[in-house]
Visitor: 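Quick one: this structure, given as structure tokens, is what I'll be asking you about.
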Amino acid sequence: MHVMIKKKNILIFGILILVPVTLLQVSCSSNTILTENLELTLPEQKQMLSSIKRKNDNFYVSNLKNYSPPKENQLIDEAQFRNLKLYNESARVLSDWVLRSLSQKERIQMSRNCDALVGSFKNQFPLNEQTLACAAWWLEKKNNDESSAASRSASSSTTYVRNLSSKQKQDLQNYKGMSFSEAFSQMDPPTLSQAQRLANSALDYASDCSYSGVSSTLILRLESFLPNKFVYPAIEKIYTKMQKCLLPDADPSEKIHLRVGLLRLISGYPLLAKDALEKTLLEKDPGESSRSLFWLGAIYQKSKQNSKENPYWQRLLKENSISLHAILASQQLGIVPINNLVPDEDISIQARDSNGWSDDNLEAFIFDMFRARNDMSAATEWSNYVGRTSSVTNPNMILYWALGHNAVRNYRYSIFMLGRYGKYIKNYPVSKTMLGLHFPKPYLKEISNYSEEVDPIFVLSLVRQESAFDPYARSGANARGLMQVLPSTAKSIKRKISSNQLYDPEINLEVGVSYLSRLLKRYDGRVEYVLAAYNAGASNLDKWRDRVLDNNMMLFCDFMPFKETRSYVSLILRNYYWYSRIISEKEDLFAKRIQQQSAKARWKSDRVAALLSFSWKSELEVKNKSLLDKIYIFGNSNSNITSNISDPSWLNEDTKNKNKNKTYKNMNDEIESDEKTAFSNSNKLK
């Protein structure tokens, strides 16, 4: 190694020739880094690179049942460290860098020396006792360089967007060839009369696939005018003509088939709904398959008179075993939902995935090392950094990180990693250990203290979804803290409160629970309404309530137009069930206190109470079963948008023939009502 020094340091130069150069040296009086007048040049890459040599190839491959974090001596062996004094010193400096406890001057000097030593390594880090101190610096620099390159690439690529004038937007010919996203951004008819004109015009173009973007847009935009009786036939006519253009995996094929399928269910046409919903399952990677499978299973179950062999629901239980839809399907099939879980032995976990010190391996090594050395502050800080920046794609390593984040109480990134895990292992199986990762319970004591009339398990379920237990969470809308309370909302409840006080967990919970109690009172304990209002606002909820009768809670939740709100409501109700189940299995005094508070909560939806009752009982009571059986109500003579007549004009011949073979026998049967409808017999829509 060549060392460039000033003449007055000739003695130091002689020493460095005889022994390996150490990057970082310690002052006798402090922990500062003495690197002045020292410039290092890079040695041969072959001399620096090291690989992972394990005694057992499966040393870091395990399953959730047998996994335990490695001990420090295992990590030392893995990295082939021999100079333990140098290793300990480098580990200390690495911790100082991660914790940002170095002065600005020291960080700058360390950056220079690390850049000279390992800065030119692009894909694999040369891990040894000498370079360990630079490991975090190298990863941070690499991440910053890649982010800057991606930002430059994004800013240099411009996408041409055709913008139409107000007058041009009224002529559908101008939308020819437009993608769905482009058409959707430009078409939003402000009045019912304008929507009617566009819908009538669309009938002339809907069968032409070059207009599929605007046809899809109109179907979704027309929903905003429900329950006006013109809307449903308008959507049906456009959909019938353009559905051949909705090819699988093309945007927005799944969305349109699902929306039309649910609208058909609401209007009392389950067999037609089945046709549309089955098309969603043709997608290679459907985003809302749980909803499609659930309603296909409900249609099947009603027609087969409560069959235990329901192919749609069996698939749902296999693909998304802990979802709200799977919970309800299990209840209808007489299956205890927790029995859908798999053993821990079936879940693989992996901390390293190659023989070299790549980004992923180095990130995991640093975390394991901090944890093994009981440097938990550094481990927590490092897990935060990895959570923000890691691009790991190996699902077994993602699960390792979910477990690691959870171990240092970094619940936000633990839950985030589970979401990423689902992207790489679609419909992944869940074990009991993973259930604990999904549903941690921090702040439950504080929640209990502030929950008097409100169910503390409900509050816990909402906090998990709102902030993932990050007290410093802040949304783009300026909602803050555990319950994501807006400063304006907080002031309406507690006048003398500053925005920054909402980052205090106890103040946030006090204000958030008070607001939640207000909503529960307003909506008479209807939890599904409260959640929709909490997420999307009361004004939006009031519009949606006019579109779907309130007897079918699940159909109302799944037909809300905002995907974020649909997911929000169903996920919190899912959380509600599983937290109730997990807490009910505990036998300590605190768990019993929470259960008692939950049971005595004043504001509770009877449907949600029925849902939760199955969390600790193997069989549903008759009353609760009758409430949950309302998922089979498809259409109703009192519904504003139900349109059951014997020959609606939008049905084509194939559909008419198909409906002659209907199997429904009650007053809500498909196309059996004599009620007057909104359908027009003319081709034009009024």
Side-chain angles (χ1 to χ4, degrees), residues 184-185 188-192 195 220-228 231 255 259 262-263 266 288 291 324 453-455 458-459 461-468 473-495 497 499 502 508-550 552-576 603-605 607-608 640-641:
F184 192 82
S185 68
D188 189 5
T191 64
L192 176 63
L220 297 181
R221 290 301 192 190
L222 285 170
E223 281 188 16
S224 64
F225 297 98
L226 286 169
N228 186 281
V231 174
K255 181 183 296 184
R259 300 301 292 171
L262 294 177
L263 186 53
I266 293 166
E288 298 192 73
R291 289 185 171 84
L324 176 66
E453 294 184 332
V454 182
D455 186 341
F458 176 48
V459 178
S461 304
L462 183 141
V463 170
R464 182 204 179 276
Q465 216 57 41
E466 283 287 353
S467 64
R474 183 174 177 177
S475 75
N478 200 29
R480 303 182 180 207
L482 291 176
M483 295 186 71
Q484 289 293 277
V485 180
L486 287 167
S488 57
T489 301
K491 287 186 180 297
S492 71
I493 292 168
K494 198 171 184 178
R495 199 168 182 180
I497 187 171
S499 298
L502 292 173
N508 190 282
L509 289 170
E510 180 186 1
V511 173
V513 171
S514 295
Y515 177 61
L516 203 56
S517 181
R518 184 187 294 178
L519 289 175
L520 283 161
K521 184 176 181 180
R522 174 176 177 176
Y523 295 110
D524 196 27
R526 288 295 299 268
V527 170
E528 61 274 22
Y529 290 165
V530 170
L531 292 175
Y534 199 93
N535 180 260
S539 59
N540 281 316
L541 169 65
D542 293 340
K543 293 178 196 172
W544 302 340
R545 289 180 67 180
D546 290 337
R547 302 177 187 178
V548 185
L549 287 182
D550 66 359
N552 192 328
M553 177 186 75
M554 286 296 289
L555 197 50
F556 167 79
C557 291
D558 281 355
F559 192 65
M560 290 185 293
F562 298 170
K563 184 177 180 180
E564 177 192 335
T565 308
R566 291 197 301 272
S567 298
Y568 179 86
V569 174
S570 62
L571 287 171
I572 291 178
L573 291 176
R574 174 207 68 176
N575 299 349
Y576 205 167
W603 306 112
K604 182 170 289 193
S605 164
R607 291 165 177 80
V608 173
N640 288 330
I641 59 174

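Since this is a predicted model, take the numbers as computed values, not measurements.
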Visitor: So among R574, E564, M560, which one has a side chain to side chain contact (heavy atoms under 4.5 Å, CB included) with V569?
Guide: M560
Visitor: Check whether F184 forms a cation-pi arrangement with R221 (NZ or CZ under 6.0 Å from the six-membered ring centre, at most 45° off the ring normal).
Guide: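 Output yes; distance and angle both within limits.
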Visitor: Could you tell me the separation between the CG atom of L555 and the SG atom of C557, rounded to the nearest 0.5 Å?
Guide: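 With rounding to 0.5 Å, CG (L555) is 9.5 Å from SG (C557).
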Visitor: Can you find a pair of side-chain heavy atoms, one from M483 and one from L509, that are under 4.5 Å apart?
Guide: yes
Visitor: To check you understand the geometry: which heavy-atom pair defines the closest contact between A479 and L486, and what is its length?
Guide: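 Distance-wise, the nearest heavy atoms are N-CD2, 3.7 Å.
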Visitor: Dump the intermediate steps for side chain to side chain contact (heavy atoms under 4.5 Å, CB included) on V608 and D455, then the final yes or no.
Guide: CA-CA 12 Å; V608 173; D455 186 341; over 6 Å; no
Visitor: Enter the distance from S488:OG to N478:CG here, rounded to the nearest 0.5 Å.
Guide: 8.5 Å
Visitor: What closest approach, in Å, do V454 and L516 show between heavy atoms, and which atom pair accounts for it?
Guide: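 Looking at all heavy atoms of both residues, the closest pair is CG1-CD2, 4.3 Å.
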Visitor: Please report the closest heavy-atom contact between R566 and P561, naming both atoms and the distance.
Guide: NH1-O, 3.2 Å
Visitor: Considering all heavy atoms of both residues, which atom of A533 and which atom of L519 are nearest to each other, and what is their separation?
Guide: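 Taking A533 first and L519 second, the nearest heavy atoms are CB-CD2, 4.4 Å.
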Visitor: Which label fits Y534 and Y568: parallel for a plane angle under 30°, tilted from 30 to 60°, or perpendicular past 60°?
Guide: parallel
Visitor: Decide side chain to side chain contact (heavy atoms under 4.5 Å, CB included) for V231 and E223; before the verdict, give the C-alpha distance in whole Å, the side-chain angles of both, and the deciding distance to 0.1 Å.
Guide: CA-CA 7 Å; V231 174; E223 281 188 16; 5.8 Å; no
Visitor: Judged by atom type as modelled, is there a donor-acceptor pair below 3.5 Å linking the side chain of R526 to the main-chain atoms of L520?
Guide: no
Visitor: Given D558 and E288, is the side chain to side chain contact (heavy atoms under 4.5 Å, CB included) satisfied, shown in steps?
Guide: CA-CA 10 Å; D558 281 355; E288 298 192 73; over 6 Å; no
Visitor: Please round to the nearest 0.5 Å and tell me the distance separating atom CD of Q484 and atom CG of N535.
Guide: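 Answer for the CD-CG pair, Q484 versus N535, is 11.0 Å.
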Visitor: For a quick test of reading the model, state the closest non-hydrogen atom pair linking S461 to I572 and the distance between them.
Guide: CB-O, 3.7 Å
Visitor: Distance from L482 atom CG to E466 atom CD, nearest 0.5 Å?
Guide: 10.5 Å
Visitor: So which atom in S467 and which in G481 form the shortest heavy-atom distance, rounded to 0.1 Å?
Guide: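 Nearest pair, atom of S467 first, then G481: CB-O, 3.5 Å.
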Visitor: When you measure from the side chain of S517 to the backbone N and O of V513, does any donor-acceptor pair fall under 3.5 Å?
Guide: no
Visitor: So how far is it from R474 CZ to S499 OG, rounded to the nearest 0.5 Å?
Guide: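 R474 atom CZ to S499 atom OG measures 8.0 Å (nearest 0.5 Å).
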Visitor: Going through the checks in order, is the side chain to side chain contact (heavy atoms under 4.5 Å, CB included) test met by E528 and R607?
Guide: CA-CA 9 Å; E528 61 274 22; R607 291 165 177 80; 4.2 Å; yes
Visitor: Between D546 and L226 (side chain of the first, backbone of the second, donor and acceptor by atom type, cut-off under 3.5 Å), is there such a pair?
Guide: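 Not confirmed, D546 side chain does not pair with L226 backbone.
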Visitor: Measure the CE-CG distance between M553 and L324 for me, rounded to the nearest 0.5 Å.
Guide: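 With rounding to 0.5 Å, CE (M553) is 6.5 Å from CG (L324).
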Visitor: With L531 as reference, evaluate Y523, Y576, F458 under the side chain to side chain contact (heavy atoms under 4.5 Å, CB included) test and give the passing residue.
Guide: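 Answer to the side chain to side chain contact (heavy atoms under 4.5 Å, CB included) test with L531 among Y523, Y576, F458: F458.
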Visitor: A side-chain contact here means heavy atoms from C-beta on lying under 4.5 Å apart; do S570 and R291 qualify?
Guide: yes
Visitor: Salt bridge between E453 and K521, side-chain N to carboxylate O under 4.0 Å?
Guide: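 No, E453 and K521 are not salt-bridged.
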